[in-house]
Amino acid sequence: MRFFTPPDFKTCFDADSVLDLHQLCPCCRHLQESSRLLRKFSHSSAIVVGKREHIVIGSVGQLKSGYEAGCHLCALLWDVCGLRIECWNPRLTANTRAILRFEATNNEFGKGEYRKPGLHKRLWWAMFPRLIDQENYLEVRAALGNGKAALLRGLEFRVPELHVYRSDWPTLNSSMLQAKSQAVSSVHEICLHQIRAWNRECVETHAKCKAFPTSVAPEDQKPARLIDVVQTPIRLIPSDEAIPSTPYTTLSHVWGPDPTNILRLEVANLEQFSSEIPWHMLPRKYKDAIKVTRILGFRYVWIDSLCIIQDSVEDWRKEAIKMASVYGNTSCNISHVYPTPAKAVKNDLRDPRAFSPCVLRPVAQTRRVSLRNHWERRRSPAQDLVMQRQYDAHPLDMEYLNDEESWPLLMRGWVFQERFLCPRNVCIGGVRLMWECCETVIDEFARDNSHIKPSKPNFYDMFIRVAENSVSSSIPRLADGWRALVQHYRKRIFTKDSDREIAFVGIVKAIQMQTGFTYLAGIWREIADFELLWIVDEEPGSRDYTQQSTELRKSAPSWSWFLIPCHTASSPGSIVQFRLCFWMSFQLDFAIYRTSIVSFRSPRLPDKYALLHDFTGLEITLETITVPAMLERIDGIVFLTAEGHILPRSQELDFRAEAQFFQDPSLTPGLELSYDICLALTLFTAWRSDDDQSYPFHHQFATDAGPRNITTGWEYAGLVLSQAEPNSSTPTRWRRIGVFRCVGEAVGLSKYTSIFDIEKQEKQQLVLV
């Protein structure tokens, strides 16, 4: 069966081609001249929301010819409007017609609500039609068919990914509107000059980016080696030979499925690379990074595989702990988003017309117009119209940075700290360039997208110095930002799961420099009372935790979220949740009891850097209040009881529940339950509320203020612990097996009630392993 062959830019244009933008073929020029809706929209005339216009633009053969001839609008119709998808139809021929539908849309007025309202709404809108305003646009749908009915039916199933905007639409990329041409390859010299312009603007105008290295990078830590890319041949030099404080770039990249196939620095070739690094053996991503380095005007570049001796464990560990400094002091980090392909695949090739906005200039009106339309057009001159794909013109829709297929590099675990510790980062190697610094995120085709999460502007506040007198008031904000970093980090992929701890050291050291906090296996000692309350958002026993948890238990303590497996084949997301941590941290103003870590012990001390990534044997001593508890399993369900109270097992935080027990994966079905259980209180909050607001528990209400509806509320949470070695003669050590939470409320100035008596019970010191 023979199908119509759609156009393909890879066969029409060379990789080094530069395509003209905003050029139209005769069919598209006729479309612009004949569309009344486009004309009214250009003159800002009154248009009713939901107004439609159908126009037959031409045949499939004509659109294909226009595409190959360089028509910008034809490229948008084929690649954005979905005409390419319809080519599977065996009845499709070169004479098959193509129809477009323009429809006026209001941002605040849903299309479905407009088309299917109740009778009273339809009558109201018939008398008082809703008109679009300056913040509205036209949706564009396209379909192919040989009959009018088939064409109209096909339009109903089209998602309007192509929109028409006025040229003053606030989120359009003004530089792309002014551009006259664009390269097919994203690493073409034209695109690289765009990177240089972004870098120059950042260096000259961004105060945050200029000051960022001093916040995250110790000045006394430099990379051991750099690559000199100005001299020919390029060679490896010790950083001591470079000019002091010399600027350099860094490369972030994916090694690929077989790291042994990539050119690497080893003990055997160290002397050879010091005189020459073979250019012909470099993968293309290294050559692209060197190309960008030279365009930016820098002499040196740092590439991990060529600057760290890969077969030397000593050199690797020595350099790995410098990552905060290496990337913090870089002038610009170059992120090559795709791994080296097994075949000669060029991921940087694209049709720039499909991503760039197409500007439709006003055309002269040859038809007779009514007197009313004549005066409307004199009052409101015609504007340029812009046709562009939806998510390139709507920043709120641009979540593509979280797309693993489009940006595989950003999903890698090691790249996480490389991206957030550098002052500037540029992504190359994909179909579009992306610039990211401490103040903005810029897409090559779209506009500022600094709202995208996770991005450098989102986490900038985590890496700036906190004044000593404001640390306590900044704790909720810092803790919330920290948890967001952890959640995004746990979604990243590692080739070796054992690298999870050391690949986070750079982030930890940068935050530690600003806060002075003590880091203990993912928990900050100073805010441990609520940071220890992470929960596992997963049904115990629904995954094969046994093997992974056993391996992780050797390297992480039971109270650390590093013990919980993260990115797995069955679930690529993080199963550790910090909802309870977040909730309790914002109640610190009402805290009447807070636990604390009085000491910690590790066989790695006094090596303070090893403690940041090697958690083997790490123990903390918690000063807290405890009550005995008991676990029972009935029909495979675990019940927790303490002081006559039953705490039902839960998976999600429920604010309506009076008591909840969140169990860890260690309590999977079939495992023997320990009867040496206790509940350790970590945070107790209480407050009193009237009709206006909430006050601390000991607040004194004025007696002459009249009657009030006063209520007393309280909430407390802590850890569920079991003895780690019940029959051991050594001092008792405890292992975390879950978290509990209890809530209460009473009318009037009542006393809080709980299973703990925080006023009379003596504090104990428990060793947690």
Side-chain angles (χ1 to χ4, degrees), residues 209 211-225 239 248-255 302-305 307-308 315-335 409-425 436-438 454-456 458-465 478 481-524 562 566 604 607-615:
C209 303
F212 188 73
T214 60
S215 300
V216 301
E219 296 183 358
D220 58 339
Q221 291 187 352
K222 301 292 183 182
R225 306 165 192 90
S239 58
Y248 62 90
T249 63
T250 50
L251 173 66
S252 294
H253 64 105
V254 183
W255 283 48
W302 186 90
I303 302 175
D304 53 0
S305 63
C307 295
I308 300 177
D315 190 70
W316 188 88
R317 288 195 172 273
K318 179 182 176 182
E319 295 299 306
I321 63 174
K322 294 181 181 178
M323 292 301 101
S325 179
V326 171
Y327 286 94
N329 284 314
T330 183
S331 296
C332 181
N333 184 55
I334 304 165
S335 296
L409 175 77
L410 302 186
M411 297 304 296
R412 304 300 301 181
W414 277 100
V415 176
F416 187 81
Q417 65 176 358
E418 298 170 4
R419 175 186 174 192
F420 286 107
L421 293 178
C422 64
R424 305 169 190 89
N425 181 51
E436 187 179 27
C437 65
C438 298
S455 66
K456 289 185 63 60
N458 296 141
F459 292 116
Y460 171 77
D461 290 343
M462 290 295 298
F463 303 106
I464 59 174
R465 184 170 297 279
L478 291 172
W482 166 256
R483 290 188 291 267
L485 277 172
V486 170
Q487 285 289 55
H488 288 299
Y489 179 70
R490 285 184 56 83
K491 295 177 182 179
R492 298 306 180 260
I493 305 169
F494 284 94
T495 303
K496 297 179 180 179
D497 201 55
S498 58
D499 290 345
R500 286 199 304 156
E501 294 85 355
I502 197 170
F504 205 45
V505 168
I507 296 285
V508 170
K509 289 175 63 178
I511 296 176
Q512 205 170 40
M513 283 178 58
Q514 310 312 319
T515 61
F517 288 176
T518 302
Y519 179 74
L520 299 171
I523 307 296
W524 296 104
F562 273 108
C566 50
R604 298 295 173 263
D607 187 348
K608 60 179 182 178
Y609 293 115
L611 186 61
L612 299 180
H613 62 85
D614 191 345
F615 311 139

Indicate yes or no for a side-chain donor-acceptor contact from [X] to the backbone of [Y] under 3.5 Å, with no hydrogens or angles considered.
{"X": "S325", "Y": "K322", "value": "no"}
{"X": "K456", "Y": "C422", "value": "yes"}
{"X": "E319", "Y": "I308", "value": "no"}
{"X": "R419", "Y": "N425", "value": "no"}
{"X": "R424", "Y": "C332", "value": "no"}
{"X": "R490", "Y": "F562", "value": "no"}

[X] to [Y] - nearest heavy-atom pair and separation:
{"X": "G413", "Y": "A503", "value": "O-CB, 4.5 Å"}
{"X": "S252", "Y": "L409", "value": "O-CD2, 3.7 Å"}
{"X": "P213", "Y": "C209", "value": "CD-O, 3.5 Å"}
{"X": "H613", "Y": "I502", "value": "CB-CA, 3.7 Å"}
{"X": "R604", "Y": "A610", "value": "CB-CB, 4.2 Å"}
{"X": "G328", "Y": "V216", "value": "CA-CG2, 3.8 Å"}

For a 4.5 angstrom cut-off between non-hydrogen side-chain atoms, does [X] reach [Y]?
{"X": "L611", "Y": "Y519", "value": "no"}
{"X": "D614", "Y": "E501", "value": "no"}
{"X": "F459", "Y": "I507", "value": "no"}
{"X": "H253", "Y": "D304", "value": "yes"}
{"X": "K509", "Y": "Y609", "value": "yes"}
{"X": "L485", "Y": "M462", "value": "yes"}
{"X": "M323", "Y": "V505", "value": "no"}
{"X": "F517", "Y": "V508", "value": "no"}

## Note on the structure
One should read off an interatomic distance between T214 OG1 and N329 CG, to the nearest 0.5 angstrom, of 9.5 Å
### Task
Can you measure from CG (L251) to OG (S305) and round to the nearest 0.5 angstrom?
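These two atoms lie 8.0 Å from each other.
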#### Entry: V254/W414 under side chain to side chain contact (heavy atoms under 4.5 Å, CB included): CA gap, chis, key distance, verdict
CA-CA 9 Å; V254 183; W414 277 100; over 6 Å; no
### Task
Could you check N458 against H488 for side chain to side chain contact (heavy atoms under 4.5 Å, CB included), going step by step and ending with a plain yes or no?
CA-CA 12 Å; N458 296 141; H488 288 299; over 6 Å; no
### Message
As a test of understanding, state which of Y248, F212, W302 forms a ring-ring contact (aromatic ring centres under 6.0 Å, His included) with Y327.
### Response
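The residue from Y248, F212, W302 that satisfies ring-ring contact (aromatic ring centres under 6.0 Å, His included) with Y327 turns out to be W302.
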#### Entry: Test log, rule side chain to side chain contact (heavy atoms under 4.5 Å, CB included), inputs Y489 and Q417
CA-CA 9 Å; Y489 179 70; Q417 65 176 358; over 6 Å; no
### Message
Does the plane of the ring in W482 sit parallel, tilted or perpendicular to the ring in F504? Use 30° and 60° as the thresholds.
### Response
tilted
